[in-house]
Amino acid sequence: MTANKSLLCLPGDGIGPEVMGEVRRIIDWMGDKRAVKFDVTEGLLGGAAYDAAGTPLPQETIDAAHKADAVLLGAVGGPTYEKLPFDKQPERGLLGIRKELGLFANLRPALVFDALAEASTLKLDVVKGLDIMILRELTGGIYFGQPRGVEDLGGGKRRGFNTLTYTSDEVQRIGEVAFDLAAKRDKRVCSIDKANVLETTVMWREEMTKVGERHPDIELTHMYVDNAAMQLVRNPKQFDVIVTTNMFGDILSDCAAMLTGSLGMLPSASLGAPDDTGRRPALYEPVHGSAPDIAGQGLANPLAMVLSFSMMLRYSFDLADEADLVDQAVQNVLNKGLRTRDIMQEGKQEVSTEAMGDAIQAELDALSS
Ligand code: NAD
């Protein structure tokens, strides 16, 4: 199988370039051993871009991102940039590129590898085998709704206000992504709202139901967010795809992340709307940040970045076999007892970033021989 697909890599700051380096090796491996070829361009984002070009999001990066079929991002930020003016800070680059690409759908899988199930703070039988997907609407809702602000009421009193707003189009758009995801998984969508209190989410529920009617092969259920928070820690395996608003998704995805017990293992994807040719802007990145405390020491866990790459294979390029191969390689190295320091457990073998990358390469070779 061949795939001549263009890919923009933005290593960023801190451990970003280290973890990206291990993915670049997998990209080369895919080209050599599977004839799956990517045209890879490397670009600048965040602090690295500020150092080189005086801005965290250079125009060349924006142009390259629009041209690419998918963008792969390491991480941005670091203490040296904290005192910069707001608009020059690395995180502005990240928010800027998400906005430029119109990324409205944020996918955060919560997957527990058997070998790491004991790292969770929850009981083994609650999390073992967990594989759920949280889909968060990323560009609407109360984080962006107008009016917003704080007004002076006089007499030393103030009033703060934000607005929870969604249009039916926005709900249907994220709903369609949820059903597409579920079609490739266990065919179940649970839409989370607060329809017993908030009118906007009554509308959310109604629109989601309409989307569900267009996908009769997929089961749709609804749940209130307070119950969902409880269910996520009580019995997370009951879910397949969870779809929810920006703010509820922000909170629930972090909650679900902790079911897995480790920041260095969590990938994510953000998707935009398809254009006329069906091409969908997409950015893949680990959930973790630039980890300045361990940067440059060979301590970074590259697996969240590797799993972000596997999501890219699956969701941007429909290369499910290759994605499965990468996921299996990750599972095998963990089963063999290899651990970077962040996921180290008693009796296991601690390895560096590069040695973890070597082990992944060896597994890929073994799995495809
Ligand atoms: P962080 O995720 O960078 O680090 C939190 C802790 O987890 C640290 O102890 C770090 O060493 C550890 N850690 C994170 N990723 C790891 C990995 N792959 N392997 C091993 N250990 C890992 O969060 P933070 O310390 O709050 O933020 C550091 C910088 O990153 C800040 O400038 C922040 O703004 C930025 N940040 C960027 C992103 C992003 O680029 N998407 C996300 C979060 C934070």
Side-chain angles (χ1 to χ4, degrees), residues 8-23 43-51 56-57 61 65 71-101 103 106-108 111 113 116 119 136 138 249-250 253-254 257-258 260-270 282-312 330 333-334 338-345 348 350-357 359-360:
L8 174 66
C9 290
L10 302 171
D13 309 317
I15 62 168
E18 295 169 61
V19 294
M20 183 68 83
E22 298 311 321
V23 166
L44 292 167
L45 187 80
Y50 175 78
D51 290 339
L57 181 55
T61 300
V71 180
L72 203 54
L73 168 70
V76 299
T80 44
Y81 307 107
E82 272 164 15
K83 297 220 157 59
L84 288 175
F86 192 66
D87 64 320
K88 302 282 185 206
Q89 289 185 1
E91 291 74 13
R92 293 300 106 199
L94 186 56
L95 296 177
I97 196 153
R98 285 179 183 155
K99 187 158 178 249
E100 279 289 337
L101 294 176
L103 305 174
N106 182 232
L107 284 65
R108 292 256 302 252
L111 186 77
F113 290 94
L116 295 180
R136 165 187 173 194
L138 203 57
D250 190 4
S253 62
D254 271 16
M258 277 303 102
T260 71
S262 172
L263 200 52
M265 295 295 303
L266 296 167
S268 79
S270 302
L283 184 143
Y284 299 84
E285 58 181 320
V287 167
H288 64 73
S290 59
D293 53 331
I294 57 164
Q297 300 171 44
L299 293 175
N301 182 349
L303 297 181
M305 185 83 242
V306 169
L307 293 169
S308 302
F309 174 69
S310 128
M311 287 186 83
M312 188 202 78
V330 169
V333 296
L334 294 171
L338 270 59
R339 304 281 187 275
T340 44
R341 187 173 294 176
D342 58 308
I343 52 171
M344 187 57 192
Q345 295 161 299
K348 305 299 179 195
E350 189 178 323
V351 295
S352 67
T353 310
E354 197 185 340
M356 186 58 99
I360 295 282

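Sequence positions, counted from 1, serve as the residue numbers for this chain. Both ligands and their constituent atoms are indexed starting at 1 by order of listing.
Below 4.0 Å from some heavy atom of E285 lie the following atoms of ligand 1, by number and element: 41 (N). Within the listing of ligand 1, atoms 40 (O) sit less than 4.0 angstrom from a heavy atom of A75. Residue contact check: D342 has heavy atoms under 4.0 Å from atoms 19 (N), 20 (C), 21 (N) of ligand 1. Per-residue contacts place I15 under 4.0 angstrom from the following atoms of ligand 1 (heavy atoms of the residue considered): 15 (N), 16 (C), 17 (C), 18 (N). Listed by number with element, the atoms of ligand 1 under 4.0 angstrom from any heavy atom of G77 are 32 (O).
Counting heavy atoms closer than 4.0 Å to ligand 1, residue V19 contributes nothing at all. In P292, the part holding a heavy atom less than 4.0 Å from any atom of ligand 1 is the side chain.
L334 has its side chain within reach of R339: a pair of non-hydrogen atoms, C-beta onward, lies under 4.5 Å apart. No side-chain heavy atom of D51 sits less than 4.5 Å from a side-chain heavy atom of T80. E22 places none of its side-chain heavy atoms less than 4.5 Å from the side chain of I360. Taking 4.5 Å as the limit, every side-chain heavy atom of S308 sits out of range of all side-chain heavy atoms of L73. By the 4.5 Å heavy-atom criterion applied to side chains, L111 and M265 are not counted as neighbours. Side-chain contact between T260 and L116 is absent, with no heavy atoms from C-beta onward closer than 4.5 Å. The side-chain heavy atoms of P56 and V76, taken from C-beta on, include no pair separated by under 4.5 Å. Between N301 and T353, every side-chain heavy-atom pair lies at or beyond the 4.5 Å cut-off.
Screening residues 285-306 for salt bridge (charged side-chain N to carboxylate O under 4.0 Å, His left out), with sequence neighbours left out, gives R98-E285.
Judged by the shortest distance from any of its heavy atoms, L263 lies inside the 4.0 Å radius around the atoms of ligand 1. For D293, the heavy-atom gap to ligand 1 drops under 4.0 angstrom. Judged by the shortest distance from any of its heavy atoms, G78 lies inside the 4.0 Å radius around the atoms of ligand 1.
Looking at D13, its side chain does come within 3.5 Å of a backbone N or O of G47 through a donor-acceptor pair.
The single protein non-hydrogen atom nearest to atom 19 (N) of ligand 1 is N301 N, 2.8 Å, given as residue, atom name and distance. Scanning all protein heavy atoms for the shortest distance to atom 29 (C) of ligand 1 gives S290 OG, 3.2 Å. Ranking the protein heavy atoms by distance from atom 39 (C) of ligand 1 puts L94 CD2, 3.6 Å first. Scanning the protein for heavy atoms near atom 22 (C) of ligand 1, the closest one is I294 CD1, 4.0 Å. Here the protein heavy atom with the shortest distance to atom 3 (O) of ligand 1 is A291 N, 2.8 Å. Closest protein heavy atom to atom 14 (C) of ligand 1: H288 CB, 3.7 Å. Given atom 1 (P) of ligand 1, the protein heavy atom at minimum distance is G289 N, 3.5 Å. Here the protein heavy atom with the shortest distance to atom 33 (C) of ligand 1 is E91 OE2, 3.5 Å.
At least one protein heavy atom sits closer than 4.0 Å to atom 9 (O) of ligand 1. Atom 25 (O) of ligand 1 is never approached by the protein to below 4.0 angstrom, counting heavy atoms only.
Annotation: A300 places no N or O atom under 3.5 Å from an N or O atom of ligand 1; distance criterion only. For a threshold of 3.5 Å applied to N or O pairs, the pair formed by R98 and ligand 1 contains no separation below that value. Polar contact check, E82 against ligand 1: no nitrogen or oxygen pair lies under 3.5 Å apart. Considering backbone and side-chain N/O atoms, V76 comes within less than 3.5 Å of an N/O atom of ligand 1.
For E354, the CD atom counts as loosely surrounded, since its 6.0 Å shell holds 12 or fewer non-hydrogen atoms of other residues, nucleotides or ligands.
What you find for A355 and V351 is that their closest heavy atoms are CB-CB, 3.8 Å.
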Practice task
Go through the steps to decide whether E18 and L299 satisfy the test side-chain contact (heavy atoms from CB on, under 4.5 Å), and finish with yes or no.
Solution key: CA-CA 9 Å; E18 295 169 61; L299 293 175; over 6 Å; no
Exercise for the section: May I have the step-by-step check of side-chain contact (heavy atoms from CB on, under 4.5 Å) for L57 and R92, ending in yes or no? Expected result: CA-CA 8 Å; L57 181 55; R92 293 300 106 199; over 6 Å; no
